[in-house]
**Q** 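First the structure, then my questions, so here it is.
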Amino acid sequence: MAIECNVAHGMPDNIFWENFNELWKNSADRSPFKSPHILRYFAGLVQGNLTVFQLRVDHELRGAILLKEDGRTLTFLSDLKTDVNFFVLDRLCTAVEEKQFFEFFFSTIKHNRWSVVLNNQPSWAHYMPALLVAGRASGLFWANFPYSVCPVLEADSPQALFERVQKGHKFKYYASRLAKMPGVSFEVFDDDTDLEAWTQAYCRAHIKRWKGTPTPSDFQDSKRRTFLFNCLKAWNQDGVLVRFSIHAPEGRVAFVIGLLEARSLVFHATTFDPAYGKYSPGKALIHFIASWMVG
């Protein structure tokens, strides 16, 4: 068995992306924030200012991390739009292979006198103990800041999860209240149906929601609207995007961008038209999403 670690700069070729696609499918975490089409889109945005670390076992890609370059500082490419940043490792990677990959990673950083910022690392990732050991042993200056995630709702099955949501009567109440309104319906899309129009409606609602606040919407900028659309399109191509919305007579008024990760749904982004604020559309959508997961 031959274990090889290497580092390269610039835009990866098509063969790498084909290999990475298989790696991601076989990865232990299969994070939507590391899916092939989204990373390839991000790579194009940074115009090849990339450093790519690879782990190969008998010439097969078993691990990878794509970092964007800012001078001599490297950060996750997925920082462009992410909730959390994973190293992508094949679920069959051995402890020896992981150890060698992480040691190579930090020794390369040290040798080249680079700085590296690894934002939003998932403390629950199976490889995290090995990463921390290699980092601390590298001799590099090391600062580790705790990263907290939003609340997680877990259950043994989709039905059990739905029953837990049902017990929170406010979710059922707001869902029923909206469902009884004339011309109001709940929507779910796991393909590209109405993707562009849906994204435009999402951005309009987001702008209205944050107008007049200390943090106005970034989507006032047409480039940010285009960026969001391209992200959703890429995630859809990778089969990890699920969109939820509430459709009223005047159009779509509440939205959730959901991302699939193994047996979980990541509640990635949400917004609503403030005209519907009193109906708590976010709570109503949580009830609808839990019901959809059962189906």
**Q** May I ask you to test the K81-F42 pair for a side-chain heavy-atom distance under 4.5 Å?
**A**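 Yes - at least one pair of side-chain heavy atoms lies under 4.5 Å apart.
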
**Q** Give a yes or no on whether D156 atom CG has more than 12 heavy-atom contacts from other residues, nucleotides or ligands under 6.0 Å away.
**A**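 No - once you tally the heavy atoms of other residues, nucleotides and ligands closer than 6.0 Å, there are 12 at most.
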
**Q** May I ask you to check whether N21 and R40 show a side-chain donor-acceptor distance below 3.5 Å?
**A**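 Checked: N21/R40 side chains show no N/O donor-acceptor pair below 3.5 Å.
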
**Q** With a 3.5 Å cut-off and no angle check, do the side chains of K68 and T75 form a donor-acceptor pair?
**A**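 Distance-only check passes for K68 and T75.
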
**Q** Does S115 reach the side chain of L74, with side-chain heavy atoms less than 4.5 Å apart?
**A**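 Contact flag for S115/L74 side chains = no.
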
**Q** Side-chain donor-acceptor pairs under 3.5 Å in residues 201-211, sequence neighbours left out?
**A**
from, atom 1, to, atom 2, distance (Å)
H206, ND1, S217, OG, 2.7
K208, NZ, D273, OD1, 3.4
K208, NZ, D273, OD2, 2.8

**Q** Working note: D191 + T193, criterion side-chain hydrogen bond (donor to acceptor under 3.5 Å, both in side chains); need CA distance, chi angles, decisive distance, verdict.
**A** CA-CA 6 Å; D191 56 19; T193 300; 2.7 Å; yes

**Q** Give the ring-plane orientation class for W114 versus F53, where under 30° counts as parallel, over 60° as perpendicular and anything between as tilted.
**A**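 Plane angle over 60°, so perpendicular.
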
**Q** Does any part of the side chain of F86, heavy atoms only, come nearer than 4.5 Å to the side chain of F33, both counted from C-beta?
**A**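 Result no, sub-4.5 Å side-chain heavy-atom pair not found.
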
**Q** Are S185 and H247 close enough that a side-chain donor and a side-chain acceptor fall under 3.5 Å?
**A**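 Note: S185 and H247 side chains miss the donor-acceptor criterion.
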
**Q** Among pairs that include at least one residue of residues 225-237, which meet side-chain hydrogen bond (donor to acceptor under 3.5 Å, both in side chains), considering only residues two or more places apart or in two chains?
**A**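 Sorted result for residues 225-237: Y41-N230.
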
**Q** With a 4.5 Å limit on heavy-atom distance, are the side chains of L161 and V165 in contact?
**A**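 Counting from C-beta outward, L161 and V165 do come under 4.5 Å.
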
**Q** Testing the 3.5 Å rule here: is there a donor-acceptor pair between the side chains of N120 and D83?
**A**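 No pair is found: no donor N or O on one side chain lies under 3.5 Å from an acceptor on the other.
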
**Q** Run the side-chain donor-acceptor check on residues 274-282: report pairs under 3.5 Å with partners two or more places apart or on a different chain.
**A**
from, atom 1, to, atom 2, distance (Å)
Y276, OH, E250, OE1, 3.2
Y276, OH, E250, OE2, 2.8

**Q** Could you give the distance from CZ (F219) to OG1 (T271), rounded to the nearest 0.5 Å?
**A**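 Here the rounded value is 8.5 Å.
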
**Q** Applying the ring-ring contact (aromatic ring centres under 6.0 Å, His included) test to F244, which of F189, F272, W292, F267 qualifies?
**A**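 Exactly one candidate clears the test, W292.
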
**Q** Would you say the side-chain atoms of E4 and H59 include a donor-acceptor pair closer than 3.5 Å?
**A**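 Result is no, nothing qualifies.
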
**Q** For atom NE2 of H111, decide whether the heavy atoms of other residues, nucleotides or ligands shown that lie under 6.0 angstrom number more than 12.
**A**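 No.
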
**Q** For the hydrophobic clusters of this structure (ILVMFWY residues joined by side-chain heavy atoms under 4.5 Å, transitively), does one cluster hold both F104 and V133?
**A**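 No.
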
**Q** Is a donor from one side chain sitting under 3.5 angstrom from an acceptor on the other, for S35 and W24?
**A**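 S35 vs W24: no donor-acceptor pair found between side chains.
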
